[in-house]
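Both counts, for ligands and for their atoms, begin at 1 and track the order of listing. One-based numbering along the sequence shown. Because the structure is a prediction, the values reported are computed rather than measured.
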Amino acid sequence: MENMNAYISSLGHFVPQKRVSNDELSKTLDTNDEWIRSHTGIGNRHIASEEETTAYMGYQAAKEALNKRGLTAEDIDMILVATVTPDYHEMPSTACLIQDMLGNKSCAAVDIKAACTGFVYGLEMGKGLINNGTCSRILVIGTERLSRVLDWTNRNNCILFGDGAGAAVLEVNDDETRGVINSLLRAEGSGAGALSHPKGGTKDPFKEGDVVGKDHYLFMDGRRVYEFAVRANTVILKDLMEKNNLSVDDIDWIVPHQANRRIIEAAAKRDKIPIDKFYLNMEEFANTSGASIPLALSDMEEKGLLKRGQKILTVGFGAGLTYGGNYIIW
Ligand code: COA
């Protein structure tokens with residue numbers, strides 16, 4: 001058996017108060033509740049206010065996770081932040097901003113740029129740092145303010161996303177029977193163009209006099225991403241089960257990236273997994289990219305759905321294109 005000495009000891013989440021329903025969106029956009037629900041399973045999304053920055057939301061989620069565990073910021077050795085919507089374009093990292101908000105003076109802090117798979121990557125990276133003795137307690141946070149990078153006149157993608165944050169305390173384990181057992185972390189860089197934020201990097205930097213145009217916003221080839229996402233989900237779940245000698249019946253929960261109900265249903269059908277094994281909350285929160293899996297886990301915990309000993313698979317997929325999953329015994 002592999003090392004089992006990192007486990008999620010606490011969870012927290014934060015979503016903005018402002019809740020926008022599909023009906024609300026259809027007042028300014030040529031869309032409707034029936035289309036959005038039937039194509040995505042999304043009913044609402046939460047949208048950040050001026051003050052609710054990516055770092056602020058991550059900080060709130062982290063504070064809740066620390067408080068629940070009776071920890072202070074000084075008990076943390078490292079902050080890993082999964083985000084594609086950092087407060088600042090390249091620097092400083094959102095992790096550093098959260099460290100300062102929490103009041104920790106010196107712990108390591110770094111962002112992970114693996115889009116919607118960021119938290120899945122973060123758990124395994126954190127586990128590695130705990131296993132090799134570098135850290136004993138790590139905050140793994142997913143936080144996103146996607147509302148700021150969307151073209152709200154583009155009905156093909158703005159309907160899909162929302163804002164929010166989730167955080168997990170990953171801790172060294174004195175109990176060998178639980179924890180992040182292992183993970184699959186993968187990427188397919190040949191698909192980089194399918195989902196991107198084209199403008200503003202060093203390849204095409206902002207220049208004086210630039211006028212905001214379509215390439216300032218998130219770009220997505222929806223059909224291509226859909227096909228990739230179904231394939232990624234199917235492969236990761238199959239490979240994770242094989243790697244760990246698990247049958248579908250052994251699994252208590254699958255916590256997927258909450259992109260789109262249709263993607264999950266298609267993958268569930270291919271892998272012959274009953275849909276009720278999947279925890280789905282995109283109806284309320286839409287796709288919150290790197291925040292979606294920790295937000296789902298924290299939401300599940302709040303509802304009393306997570307029990308000691310349960311076997312849980314996570315599965316993420318997104319820009320990069322990245323994909324992966326974790327096998328966790330709760
Ligand atoms: N409301 C109403 N109609 C809409 C619409 C909306 N919000 N968005 C698109 N349409 C229309 C299209 O214009 C098109 O109309 P037309 O046939 O008259 O041209 C029709 O619906 C079908 O569009 P299409 O793009 O073929 O729909 P689709 O079934 O492929 O669904 C997505 C579109 C975006 C929902 C789907 O491609 C998808 O889920 N992709 C993956 C997205 C994702 O999850 N990304 C994040 C991954 S991390």
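Between R186 and D239, at least one side-chain N (NZ, or NE/NH1/NH2) sits under 4.0 Å from a carboxylate O, which counts as a salt bridge. Ion pairing of R155 with D30 is present here, as a side-chain N (NZ or NE/NH1/NH2) and a carboxylate O approach within less than 4.0 Å. Salt bridge present: K199 and D210 bring a charged side-chain N and a carboxylate O closer than 4.0 Å. E34 has no carboxylate O lying under 4.0 Å from a charged side-chain N of R37, or vice versa, which leaves the two without a salt bridge.
Within 4.0 Å of atom 25 (O) of ligand 1, not a single protein heavy atom is present. Protein non-hydrogen atoms do reach within 4.0 Å of atom 7 (N) of ligand 1. At least one protein heavy atom sits closer than 4.0 Å to atom 37 (O) of ligand 1. Protein heavy atoms all stay at least 4.0 Å away from atom 18 (O) of ligand 1. Put simply, atom 2 (C) of ligand 1 has protein non-hydrogen atoms near it, under 4.0 Å away. The presence of a protein heavy atom under 4.0 Å from atom 14 (C) of ligand 1 is ruled out.
Only the side chain of N260 comes within contact range of ligand 1, with a heavy atom under 4.0 Å; no backbone atom does. Here W35 has side-chain heavy atoms under 4.0 Å from ligand 1, and that is the only part of it that gets that close. Proximity of N157 to ligand 1, defined as any heavy-atom pair under 4.0 Å, is not found for any part of the residue. Looking at I263 against ligand 1, only its side chain comes within 4.0 Å, counting heavy atoms.
Ligand 1 has no nitrogen or oxygen under 3.5 angstrom from a nitrogen or oxygen of N287. On a distance-only criterion, T31 and ligand 1 share at least one N/O pair closer than 3.5 Å. Polar contact check, G222 against ligand 1: a nitrogen or oxygen pair lies under 3.5 Å apart. Considering backbone and side-chain N/O of N32, none are found under 3.5 Å from N/O of ligand 1.
Remark: of the listed residues E284, M282, E24, E284 is the sole one forming a side-chain contact (heavy atoms from CB on, under 4.5 Å) with N44.
Within a 6.0 Å radius of NZ in K113, other residues, nucleotides and ligands contribute 12 heavy atoms or fewer. Atom OH of Y88 sits in a sparse spot, with 12 or fewer heavy atoms from other residues, nucleotides or ligands closer than 6.0 Å.
Taking the six-membered ring for Trp and the full ring otherwise, the centers of H46 and F285 sit less than 6.0 Å from each other.
Residue contacts with ligand 1: A229 is excluded, as none of its non-hydrogen atoms falls under 4.0 Å.
Taking a cut-off of under 4.0 Å to the non-hydrogen atoms of H257, the atoms of ligand 1 that pass are 48 (S). Less than 4.0 angstrom separates some heavy atom of H39 from each of these atoms of ligand 1: 29 (O), 31 (O). When each atom of ligand 1 is checked for a heavy atom of F317 under 4.0 Å away, the hits are 48 (S). Interface of A259 with ligand 1, defined as ligand atoms under 4.0 Å from a residue heavy atom, comprises 44 (O). Using a 4.0 Å cut-off to heavy atoms of C116, the atoms of ligand 1 that qualify are 48 (S).
Closest heavy-atom approach to atom 28 (P) of ligand 1 within the set M220, R262, M282: this belongs to R262. Proximity annotation for atom 47 (C) of ligand 1: of T322, D221, V225, T117, V225 comes nearest, heavy atoms only.
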Given side chain to side chain contact (heavy atoms under 4.5 Å, CB included), test H257 with N287 step by step and report yes or no. CA-CA 8 Å; H257 168 44; N287 177 349; 2.8 Å; yes
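With N326 contributing its side chain and I328 its backbone, the two residues share no donor-acceptor pair below 3.5 Å. Panel note: side chain R270, backbone T234; no donor-acceptor pair is recorded below 3.5 Å.
L240 and V235 sit in two unconnected hydrophobic clusters of ILVMFWY residues. Membership requires side-chain heavy atoms under 4.5 Å apart, directly or through other members.
Of the protein's non-hydrogen atoms, R155 NH2, 3.7 Å is the one closest to atom 11 (C) of ligand 1. Looking only at heavy atoms of the protein, atom 9 (C) of ligand 1 is closest to N156 OD1, 3.2 Å.
In this structure, R45 and N22 have side chains that are in contact, with non-hydrogen atoms separated by less than 4.5 Å. Residues I312 and V255 form a side-chain contact, since some pair of their non-hydrogen atoms from C-beta on lies under 4.5 Å apart.
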